[in-house]
There are 2 protein chains.
Amino acid sequence: MTTQRLFSVQRQELLLDELRRRGAVRVSDLARELAVSELTIRRDIDSLSRRNLVTKVHGGATLPTPIGRANRPRQARDLFTIGMVVPSLDFYWPLIVSGARAAAAALGVNLQLRGSSYEPDEDRRQISRLIEAGQVQGLLLAPSLEGERAAEMVDWIGHLPVPTILVERQPDRWTSTPRQIECVRSDHSLGMEMAVHHLHQHGHRRIALLLSKGSPTSAYLLRGWRAACADLGISDAIVVRESVALTTPGHRKIISNVLAECHRSQVTALIVHSDPDAISVAQYCAEKGVGIPDDLAMVSYDDEVAHLAEPSLSAVRPAKTHVGRVAVELMVSRLLDGERRPSQRVLIAPELFVRQSSLGRGRVR
Amino acid sequence: MTTQRLFSVQRQELLLDELRRRGAVRVSDLARELAVSELTIRRDIDSLSRRNLVTKVHGGATLPTPIGRANRPRQARDLFTIGMVVPSLDFYWPLIVSGARAAAAALGVNLQLRGSSYEPDEDRRQISRLIEAGQVQGLLLAPSLEGERAAEMVDWIGHLPVPTILVERQPDRWTSTPRQIECVRSDHSLGMEMAVHHLHQHGHRRIALLLSKGSPTSAYLLRGWRAACADLGISDAIVVRESVALTTPGHRKIISNVLAECHRSQVTALIVHSDPDAISVAQYCAEKGVGIPDDLAMVSYDDEVAHLAEPSLSAVRPAKTHVGRVAVELMVSRLLDGERRPSQRVLIAPELFVRQSSLGRGRVR
DNA sequence: GTGCCACTGTTCGTTTCTGTACGTCTGTGA
DNA sequence: TCACAGACGTACAGAAACGAACAGTGGCAC
């Protein structure tokens, strides 16, 4: 082939060319073709592999491959570390975190937890810190995806250098990221449907909905509400979006208005998003002599403390620990399978716990 | 196949590739294909499994599963038998079945397969037989859920005495069964959105859709189509629901009409559901001198044989082996966890494979 | 010329890869 | 339950590849 003696740079160019064409080169072949000793070729390969341009293998070299790279350092244990960023550590999220912790322990991986806020900028800061530390192989995220900047945030997350899974969050639609973003979340729509159907089965035909303001969950609840109403032919119900927890200033006024409106519309059942709000309403009803469940049946959505109310409140309980667990399991699967695993979205059904507040006695079955 | 002797890294790369495509590999096959001894393949598998890149099973290897590592194979082995009823064993379903088989092997559970038809009655017969035999602890089902009797069927399935998971099927809404029915399915809506966005990115603004008649998938495709069109502001496209595979009588006439309509509406791209139909259209275009992709870009939906067409067709490929695999893994989790585990729904994203038929040259971007 | 340097080649003991042989283990069907 | 075929993995061995040590070659500055 080439009788002319070449410089090492030229040989290496040739080697890379050959490599790109065939996917692999063999020391012995190249030595013969270039009429140099095998050791020379080995030294070339050595130099290229030090620059990560090729992967050294016994007998020659191949294009850089993750397998080859993992091959070299004889890793004793590849223990994964997963980062997790949640917007709050004291409300809604503790159960999800504990589910994730348990799953991580069971699978033998580490979990690094960071609390953020409901601010996108703080989310980014925390996520960036985790990545820059270089310790995490995957991220479980629950960023704020409200408002204008949601798409931008999703896009940013989709281009992070490690696999990510959203927890209790989901991008609206198709995303332009290299792969569709994965997520694990409670099926709040379904949970709402369960509540509505439950009340319907107990004879309620006029049901009102009281959603807390500004919660990312509300949109899903509303969707489930509409689906259930369409399904059952209920359409004249009242929907209010106000927070009425005991800590909200003016909650009594709002509750009073809502109850008046319910009375006017002959509403017999009320679904309230989040336990504190529901308890607040129940307390107000007790004060005003509105009997629960006889005058007004109630179902709370969240079931953190609904069982503590008097009477105890029926509630839909998102399976939070399970969400955390499934998120970790999915991440471990993804890390084991590598990039080519198709992305998936998991919806987890809540459960309905029926207690006193919705067990109307004389109602239609 | 390959006469050239390969390096071990290359063999391993090939093995992983095959694994991702089929869900499982078998030692004897690989040894024959690569012309090396079986022991060599076993050693490769050994090395990969030590790095948790594959799971060793008797006879070959499968994709790794976290469950398989967490619970010792000893425990799960022979413990569970899962029944699986699919509507057909020779179209669409083989890859799902092979994914399920591989996962079952990796987890050490048995899989009993039954072929049914697209008839609800036949479905029931097969399912009943499996249950009456008393051998299965769980069921993976893909019943017909079309038409009037869908709700009845869902209800029946929801009351079976063993846990069930629907595969590539999903009940429309809330179900009145004791627990919400679980399912694992391809996110066909998302797949369609991927196709539309891909064409849109290549400058196409008038896109037509050709759906095969009577497929359960069509509804999802249509939904994804509408979502993408709304998202992108495309609204004037043509949707046709006809089968035009080469085996369909009168397919030439239908294609001719569709193409005429496309021409009249200045459509530049066409999405066709199912490969045979797409190939049929492509062939007709070639006959009539309609250039692909220059006169008409095409994307097929299914990617069983789309790469064989001339020119090769871009296609959206549902991750079928993965669906089968996830279904089995979910069922094993459910059986291990017991009744209290909340039910979940898994949507698996398809992948878009861009080939010649949608790579318009002079287009925007 | 001489010394220095970069590059290359030869030798040889060591390591790695692969194959054959053979006893053991596993899954399957009778 | 048993028997059998196929799969598994250990042991051994040969071939090839590896790389350290040392030696040779040619360009270059002085």
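Because the structure is a prediction, the values reported are computed rather than measured. Letters go in sequence order (proteins before strands), and every chain restarts at 1. Worth knowing before you read on, the calculation uses all heavy atoms, side chains too, and leaves out hydrogens, waters and symmetry mates.
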Query raised in the report: For C:dG9, does OP1 or OP2 lie under 4.0 Å from any side-chain N or O of A:Thr40?
Result: yes
Report summary line: Applying side chain to side chain donor-acceptor pair (under 3.5 Å) to B:Asp29 and not counting sequence neighbours gives B:Arg32
**Report entry** Side chain proximity check, A:His322 to B:Gln344, heavy atoms < 4.5 angstrom
**Finding:** yes
Query raised in the report: Are any non-hydrogen side-chain atoms of B:Val136 and B:Ile82 less than 4.5 angstrom apart?
Result: no
Query raised in the report: How does protein reach along nucleotides 13-24 of chain D, written 5' to 3' as B (base within reach of a heavy atom under 4.0 Å), S (only sugar-phosphate), or - (no contact)?
Result: ----SBB-B---
Report summary line: From CZ of B:Phe7 across to P of C:dT16 the rounded distance in Å is 16 Å
Report summary line: From CD1 of B:Ile45 across to P of D:dG9 the rounded distance in Å is 9 Å
Query raised in the report: Is it true that A:Arg11 and A:Glu18 have a side-chain N and a carboxylate O under 4.0 angstrom from each other?
Result: no
Requested in this report: In whole angstrom, give the distance that lies between atom CZ of A:Arg11 and atom C1' of C:dT8.
Outcome: 8 Å
Report task. For the pair B:His188 and B:Tyr301, name the ring-plane relationship: parallel under 30°, tilted 30 to 60°, perpendicular over 60°. Result -> perpendicular
Query raised in the report: Atom CZ of B:Arg32 to atom P of C:dG19: distance rounded to whole Å?
Result: 15 Å
**Report entry** Lys/Arg N to Asp/Glu carboxylate O, B:Glu33 vs B:Arg26, below 4.0 Å
**Finding:** no
